[in-house]
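Values below: all heavy atoms of this structure, side chains included; hydrogens, waters and symmetry mates excluded.
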Amino acid sequence: MMTTDPKLKTAFDNWSERYDREIGQDRTVVNRSGIEVQPLYTPLDWSEDRYQADLGMPGEAPYTRGIYNTMHRGRTWTQRQLIGLGTPQDYNARVQMLLQQGASAISLLPCNSGFRGIDCDESPVPLLGTCGTVINTVDHMEAALDGVPIDRISTAMNDPTPFTLFAFLLGVAQRRGIPFDKITGTANQSDYISHYVANHMFYRLSQPGARRMFVDHVKFCRENVPNWNPVSVVGQHMQQAGATPAETMGLTLSTAIQYAEDCINAGMDPDNILPRFTYFFDISISVFEEVAKFRAGRRIWARITRDRFGAKDPRSWRFKFHGQTSGVDLTQQQPLNNIARVTAQAIAGIFGGLQSMHTDGFDEALACPTEDSARIAVATQNILREEAHLCDVIDPLGGSYYVEALTNQMEEKILEVMDVIEQAGGMYKAVDAGIVQRMIGKSAFEYQNRIETGGEKVVGVNCYQADTEQQEVDTYRPNRAAMEAQVAQFRAFKAGRDQDVVRKALEDLARAATGTENAYQKVVDAALVGVTHGEIIACLRRELGFGHPQMVA
């Protein structure tokens with residue numbers, strides 16, 4: 001119950017009369033999730049009597065205020081910059097620079113040719129390395145990670161099914177004599193459902209085939225690489241495709257439920273797998289809405305893991321998430337303004353309680369970030385932590401009448417979305433039926449319409465436009481000669497392999513894919529003997545079917 005203090009009610013009514021007189025015809029303010037935002041919030045909207053039920057203490061149920069006792073005051077978020085450009089040597093140079101500038105973990109984005117499931121010798125050279133790094137073998141991964149202590153630093157592989165990058169990472173560990181239990185990090189793109197719905201280039205295998213490989217990957221990791229997070233549920237794809245923040249959280253949690261059920265049905269213990277579930281979210285510039293989204297998501301996930309899955313280990317209840325500032329909020333017009341946008345997004349993620357963060361370069365709406373823009377992106381996090389002192393207080397917006405009321409409203413919206421998915425039979429069936437795609441498409445259309453009609457202001461796009469010509473910024477392009485040499489070396493590598501060993505590894509992979517063996521074990525085995533990224537995916541496509549995401553009207 002909210003406060004019923006009659007004196008407060010009288011004071012509020014008197015203020016409302018004065019407000020109405022002075023403002024005249026007030027505008028209706030609605031956030032991206034469709035929640036109407038009032039001009040003032042008081043204990044009439046949220047009372048401290050609700051403190052224990054709605055907030056509690058950090059590290060304790062209901063986890064609204066954070067999943068750890070000390071949160072950022074004790075240990076700040078991991079600075080995990082997503083990097084993907086050029087050759088493996090180009091990637092390594094950028095990683096070394098960012099680590100020196102304060103990045104505390106690494107993230108590898110493969111070339112678009114890799115996302116499409118082919119090797120570099122199957123793609124036109126001018127396209128290679130423009131949006132990610134060419135990584136097709138263990139040798140490539142070894143060059144990319146030269147000098148990087150993978151037994152002491154967390155790595156994230158942006159690696160859709162069948163997770164060849166992770167297999168190559170394990171190959172590097174084997175060459176260095178590093179036990180697999182020393183490898184930490186996350187399979188950042190293991191969420192095949194989000195790829196099917198919103199990121200079609202990532203979608204390599206049929207829906208049933210991707211489901212099979214996902215479960216085998218989780219089982220392999222829990223048995224062989226215990227400190228790796230094999231599940232990353234990627235709400236970012238849903239939101240960047242047009243879902244509202246509330247829809248994004250609802251769809252993401254519904255996806256996590258599907259994955260948990262699939263793993264449990266395969267014989268895995270909830271308290272063995274749930275502590276390794278992680279999330280990857282977009283952080284839009286709607287600051288308070290994003291903060292409320294994350295706070296509400298933490299509360300809901302804690303209840304689901306305890307009440308639905310019966311998890312007993314408190315680590316299973318934790319909603320661990322990586323946040324990336326939203327590239328779709330960045331503009332090609334007046335691109336330096338994007339530094340301010342990224343800063344606002346990063347503040348929302350920090351106040352929302354994230355565990356790791358990537359801040360975009362100001363030029364990401366134009367091309368792969370340059371070294372200078374990448375350095376500014378890392379410095380943005382350093383400034384917010386060191387100079388703005390955003391880590392001094394845990395959940396500093398906690399107790400705000402607006403934030404608490406909004407968090408409760410966001411939770412209601414999120415649960416409404418989850419109920420739609422539940423009624424459809426779960427996330428797997430909902431995407432097969434096109435329900436999720438239609439929901440996202442409708443929201444994307446409505447938001448774009450608000451921009452085009454001026455209802456949503458975007459500085460430099462539909463307001464405050466510059467009279468001068470478009471501001472020029474440097475953009476990154478891979479070195480053509482270096483990339484041609486990379487492809488030539490790759491072709492020589494393939495020709496020089498023991499072809500009988502390659503053939504045997506692919507036969508074993510095909511047999512596992514259509515049988516009962518763990519198919520991901522055979523992916524790793526193949527990678528370790530020199531089978532390439534494209535060869536592994538081609539084999540699995542033959543056995544499990546090509547990925548053809550559903551298009552809906």
Side-chain angles (χ1 to χ4, degrees), residues 1-58 61-66 244-250 283-300 303 344-345 347-348 350-353 390 393-419 443 446-447 449-451 453-459 463:
M1 294 289 292
M2 306 311 166
T3 184
T4 55
D5 183 350
K7 292 182 179 179
L8 174 60
K9 183 67 168 62
T10 299
F12 180 81
D13 289 343
N14 291 338
W15 170 83
S16 294
E17 290 179 9
R18 297 193 303 274
Y19 177 84
D20 290 341
R21 277 197 312 271
E22 293 179 20
I23 201 166
Q25 184 64 40
D26 197 4
R27 62 193 175 98
T28 300
V29 178
V30 178
N31 67 18
R32 297 185 180 190
S33 294
I35 297 170
E36 186 170 343
V37 179
Q38 303 301 323
L40 181 70
Y41 290 79
T42 72
L44 296 170
D45 301 285
W46 186 83
S47 170
E48 63 183 13
D49 293 341
R50 294 282 309 164
Y51 181 88
Q52 200 57 37
D54 286 356
L55 275 75
M57 295 296 170
Y63 294 96
T64 310
R65 309 204 71 178
T244 69
E247 287 171 344
T248 294
M249 184 58 73
I283 312 170
S284 81
I285 201 169
S286 184
V287 172
F288 293 103
E289 188 176 3
E290 291 293 337
V291 171
K293 176 182 84 176
F294 295 130
R295 296 169 97 246
R298 267 196 296 274
R299 271 202 313 233
I300 296 170
R303 292 199 304 269
Q345 294 165 341
I347 290 171
I350 294 166
F351 285 169
L390 298 193
V393 176
I394 300 169
D395 188 30
L397 298 182
S400 157
Y401 303 127
Y402 172 39
V403 170
E404 298 308 341
L406 183 58
T407 298
N408 290 341
Q409 290 174 301
M410 287 290 285
E411 182 171 352
E412 291 175 6
K413 286 272 189 182
I414 292 165
L415 292 174
E416 288 174 6
V417 172
M418 296 178 70
D419 186 59
S443 294
E446 291 174 351
Y447 183 70
N449 187 58
R450 290 200 300 275
I451 293 176
T453 58
E456 186 80 25
K457 303 296 186 185
V458 182
V459 174
C463 64

Smallest separation among heavy atoms of Pro396 and Phe351, with atom names: CG-CE2, 3.4 Å
Qualifying residue, where the test is side-chain contact (heavy atoms from CB on, under 4.5 Å) with Asp54 and the options are Thr407, Asp49, Asn408: Asn408
Test log, rule side chain to side chain contact (heavy atoms under 4.5 Å, CB included), inputs Glu416 and Asp419: CA-CA 5 Å; Glu416 288 174 6; Asp419 186 59; 5.7 Å; no
Polar side-chain atom of Glu289 near backbone of Pro245 as donor-acceptor pair, under 3.5 Å: no
Side-chain (Arg298) to main-chain (Thr64) donor-acceptor, under 3.5 angstrom: yes
Shortest non-hydrogen contact between Ile414 and Ala246, atoms and distance: CG1-O, 3.6 Å
Whether Tyr401 side chain and Ser47 backbone form a donor-acceptor pair below 3.5 Å: no
Nearest atoms (heavy-atom pairs only) where Tyr41 meets Gln38: OH-N, 3.0 Å
Ser284 side chain vs Ser286 backbone, donor-acceptor pair below 3.5 Å: yes
Side-chain heavy-atom pair Glu446, Asn449 within 4.5 angstrom cut-off: no
Test side-chain hydrogen bond (donor to acceptor under 3.5 Å, both in side chains) applied to Arg32 - qualifying residues, sequence neighbours left out: Asp329, Tyr447
Pairwise side-chain contact, Tyr19 with Asp26, heavy-atom cut-off 4.5 Å (strictly under): yes
Side-chain touch Pro43/Asp5, heavy atoms, less than 4.5 angstrom: no
Residue list, side-chain hydrogen bond (donor to acceptor under 3.5 Å, both in side chains) with Glu456, at least two apart or on another chain: none
Minimum heavy-atom distance Pro58-Ile394, with the two atoms named: CG-CG2, 3.6 Å
Arg295 and Leu397, any side-chain heavy atoms less than 4.5 Å apart: no
Taking every non-hydrogen atom, the tightest pair across Trp15 and Pro39: CH2-CG, 4.2 Å
Residues that Lys9 engages under side-chain hydrogen bond (donor to acceptor under 3.5 Å, both in side chains), provided they are two or more places apart: Asp13
Set of residues satisfying ring pair (Phe, Tyr, Trp, His ring centres under 6.0 Å) with respect to Phe288, sequence neighbours excluded: Tyr402
Under the ring pair (Phe, Tyr, Trp, His ring centres under 6.0 Å) test, residues paired with Tyr63 that sit two or more places apart: none
Pairing residues for Glu411 by the side-chain contact (heavy atoms from CB on, under 4.5 Å) criterion, not counting sequence neighbours: Ala296, Arg299, Ile300, Arg303, Leu415
Nearest non-hydrogen partners of Glu247 and Ser443, listed with the distance: OE1-OG, 2.8 Å
Heavy atoms of other groups near Glu48 CD, more than 12 under 6.0 Å: no
